[in-house]
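A quick write-up on the structure given underneath.
The first residue of the sequence shown is numbered 1, and numbering continues consecutively from there.
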Amino acid sequence: MMRSSFCKSPVKPGHDAFGRARGLLAVLLLVLSTPALADPDPARLFAEHCAACHGADRLGAIGPALLSENLGRLKPAEAEQVIANGRPATQMEGLKEVLSPAEIKALAAYVFTPLPAVPRWGMAEIAASRLVHVDQATLPAKPPFAADPLNLFTVVETGDHAITILDGDAMAPLYRLPTRFALHGGAKYSPDGRFVYLASRDGWVQKIDMWTGTLLAEVRVGINTRNVAVSHDGRFLMVGNVLPHTLVALDADDLKPLQVIPVQGDGKSSRVSAVYTAPPRSSFVVALKDIQELWEIPYADDAGPVLNGLVHSYEKGLEEGDSTGGRFQALRIRTEDFLDDFFFDPGYERAMGASRDGKRGIVVDLDIKRTWARLDLPGMPHLGSGIVFRKDGRLMMATPHLKEAVVSVIDMESWQTVKRIPTLGPGFFMRGHEKSPYAWVDVSLGKDKDAMQVIDTRTLEIVATLRPAPGKTTRHVEFDRTGTKVLLSVSEKDGELLVLDAASFAVLKRLPMKLPVGKYNVYNKITYSAGTSH
């Protein structure tokens, strides 16, 4: 009697063909149901392994948003490594024991795929995201340390997404606390220097007490955020977004959202390049990436209505013209080009903007609302990192370039480029101080990533090339309050913060840090020092 290999019971004559067919069907079903033989389904993989932390819509939850706009500095190959091996000091665990190499590759490609539509993130979503962790009224009235509270630094460490609050007198850490993913746009302080405001690439704004190292509140204002500005009176924050195309005004006390301003003009919307405060004007000034305009937004209580276009009447109560409405109304100033970055003169009467093509600059007069001068600035200047100083009685501005190994020096009276100082490579950060004759610039975008060059502002000559950490990326300079010490970042995974003597250039101290980048001195920022970014 024949026995089927698929069945232990006797098979009646004529039924062996049926048994073989059933067995073949079982094998076929098994093959078709085996994921390893099918193309990876990245949407399913994301839902199973990523959505709980990063949101089913990829807009972020306890983890950051995973969108092409938010991952600009991360390459697909690097994303694959993160998915496979995880990210140190975070809840991100590696998936290489769970997913195949093909699935990891498909998942990495998936998070770089643009969303089919711009996600909504309006007033309701912003308000719902706000978290108040500590009541500000419970904070101590005096600093619990002996250090000068105006000589503190906020040091951003991107290696494990944290900040260190540094005592600038002893050059020693006071506190270290975690932050949101990928801080961007620099630290901004309240006018008294007590509170620091930080913005992350995926839209979170955080408020931290410098005296106690306490996270007070946080709110998510967008999906991809450019930077945050603080009004000179300390009442308001204005945040510029890349996604969605909005500006968001917040109450500086508790981060309560006050107004969402769509960035629109001429029938289209725009990403925000940058937003800064212009203290003498009691206004925020905004550069736009996709509309040829510069916006000025007054915030003073007695600011009159902002009217754009043809205005028939300015008589109080009878104004006629185009207004955006709300407290924060934008005055739209036409520009000759799209502006990707900008810098102010000391009186905040004129804004210098870098054109999108990186070949020139434009000076816009904020009073007469039109182009004042054109600048010879090829090589994509990084104006936001520029500094101001006086030479032979004339006001000068110096800026590094992102695509050319040079520092340009501009006479801010004639608006002529008076000198182009060759450097070892393109640079990103430049700093000076009113009490120092030296300006420091990194060349970290070129092959000499470990070099820092020092320029004598009296002669406009490079007087020193330093390599305090040979072979390691060294960048971002900041002076202490007195101008006697300089801090440099060795931006490596196991990096350092270097403290140097500002006159002799000798290394005084080395502090271990996790991929430190920017560091911001309280006094220099709140006094709008000529040698630092604003």
Side-chain angles (χ1 to χ4, degrees), residues 121-123 125-127 129-130 183-191 195-207 217-265 269-289 291 293-301 303 306 308 323-333 339 341-344 348 351 353 366 384 520 525-526 528 533-534:
W121 201 264
M123 183 64 80
E125 290 80 7
I126 296 170
S129 74
R130 188 171 69 102
L183 296 186
H184 181 70
K188 302 295 172 66
Y189 296 105
S190 58
F195 304 110
V196 62
Y197 300 93
L198 304 166
S200 72
R201 286 187 178 275
D202 56 348
W204 284 95
V205 174
Q206 298 178 295
K207 180 178 182 177
E218 53 188 341
V219 63
R220 192 176 190 187
V221 298
I223 307 304
N224 184 291
T225 291
R226 180 60 178 159
N227 73 326
V228 61
V230 185
S231 64
H232 81 287
D233 56 13
R235 293 190 298 163
F236 308 116
L237 307 183
M238 186 64 72
V239 190
N241 285 325
V242 174
L243 189 70
H245 298 170
T246 57
L247 290 155
V248 179
L250 302 173
D251 187 309
D253 282 341
D254 57 8
L255 303 189
K256 185 180 298 180
L258 301 176
Q259 190 173 331
V260 177
I261 306 164
V263 182
Q264 298 175 342
S269 64
S270 175
R271 298 165 293 171
V272 174
S273 290
V275 53
Y276 290 107
T277 304
R281 308 178 70 83
S282 296
S283 66
F284 297 109
V285 180
V286 186
L288 308 180
K289 281 186 176 292
I291 301 174
E293 294 179 352
L294 197 68
W295 284 14
E296 183 172 16
I297 304 176
Y299 53 75
D301 290 335
V306 172
N308 294 289
S323 173
T324 57
R327 179 188 182 100
F328 302 98
Q329 301 178 39
L331 177 63
R332 297 164 52 192
I333 303 172
L339 302 181
D341 199 3
F342 64 105
F343 185 88
F344 296 100
Y348 287 84
L366 297 175
Y520 308 91
K525 295 288 282 187
I526 67 174
Y528 301 91
S533 61
H534 298 171

Task: Side chain proximity check, Ser129 to Val219, heavy atoms < 4.5 angstrom - done: yes
Task: Validation row: Leu255, Leu237 side chains within 4.5 angstrom (heavy atoms) - done: yes
Open item on the list: Please check: side-chain N/O of Lys525 versus main-chain N/O of Lys188, any donor-acceptor pairing under 3.5 Å?
Closed with: no
Open item on the list: As a test of understanding, state which of Thr225, Asp202, Asn224 forms a side-chain contact (heavy atoms from CB on, under 4.5 Å) with Leu243.
Closed with: Asn224
Task: Tyr276/Phe342 aromatic ring centres below 6.0 Å - done: yes
TODO: Ignoring hydrogens and angles, tell me if any N or O in the side chain of Arg130 forms a donor-acceptor pair with the backbone of Asp254 under 3.5 Å.
DONE: yes
TODO: Give the C-alpha distance, both sets of side-chain angles, the deciding distance and a yes or no for side-chain hydrogen bond (donor to acceptor under 3.5 Å, both in side chains) between Gln206 and Trp204.
DONE: CA-CA 6 Å; Gln206 298 178 295; Trp204 284 95; over 6 Å; no
Which atom pairs, donor and acceptor, lie under 3.5 Å between side-chain atoms of residues 277-288 and protein residues at least two apart or in another chain?
{"from": "Thr277", "atom 1": "OG1", "to": "Val230", "atom 2": "O", "distance (Å)": "2.6"}
{"from": "Arg281", "atom 1": "NE", "to": "Glu296", "atom 2": "OE2", "distance (Å)": "2.7"}
{"from": "Arg281", "atom 1": "NH1", "to": "Tyr348", "atom 2": "O", "distance (Å)": "3.3"}
{"from": "Arg281", "atom 1": "NH1", "to": "Asp367", "atom 2": "OD1", "distance (Å)": "3.0"}
{"from": "Arg281", "atom 1": "NH2", "to": "Glu296", "atom 2": "OE1", "distance (Å)": "3.4"}
{"from": "Arg281", "atom 1": "NH2", "to": "Leu366", "atom 2": "O", "distance (Å)": "3.1"}
{"from": "Arg281", "atom 1": "NH2", "to": "Asp367", "atom 2": "OD1", "distance (Å)": "3.1"}
{"from": "Ser283", "atom 1": "OG", "to": "Glu296", "atom 2": "OE2", "distance (Å)": "2.7"}

Task: Asn241 side chain to Val248 backbone, donor-acceptor under 3.5 Å - done: no
Task: Trp121 side, atom CH2; Ile223 side, atom CD1 - distance, nearest 0.5 Å - done: 5.0 Å
Task: Those residues that, when tested against Asp233, pass side-chain hydrogen bond (donor to acceptor under 3.5 Å, both in side chains) (two or more places apart) - done: Ser231, Arg235
Open item on the list: Could you check whether Phe195 and Tyr197 have their ring centres less than 6.0 Å apart?
Closed with: no
Open item on the list: Among Val260, Val239, Thr246, which residue satisfies the side-chain contact (heavy atoms from CB on, under 4.5 Å) criterion with Ile126?
Closed with: Val260
TODO: Please confirm whether the backbone N or O of Leu339 pairs with a side-chain atom of Ser273, one donor and one acceptor, at under 3.5 Å?
DONE: yes
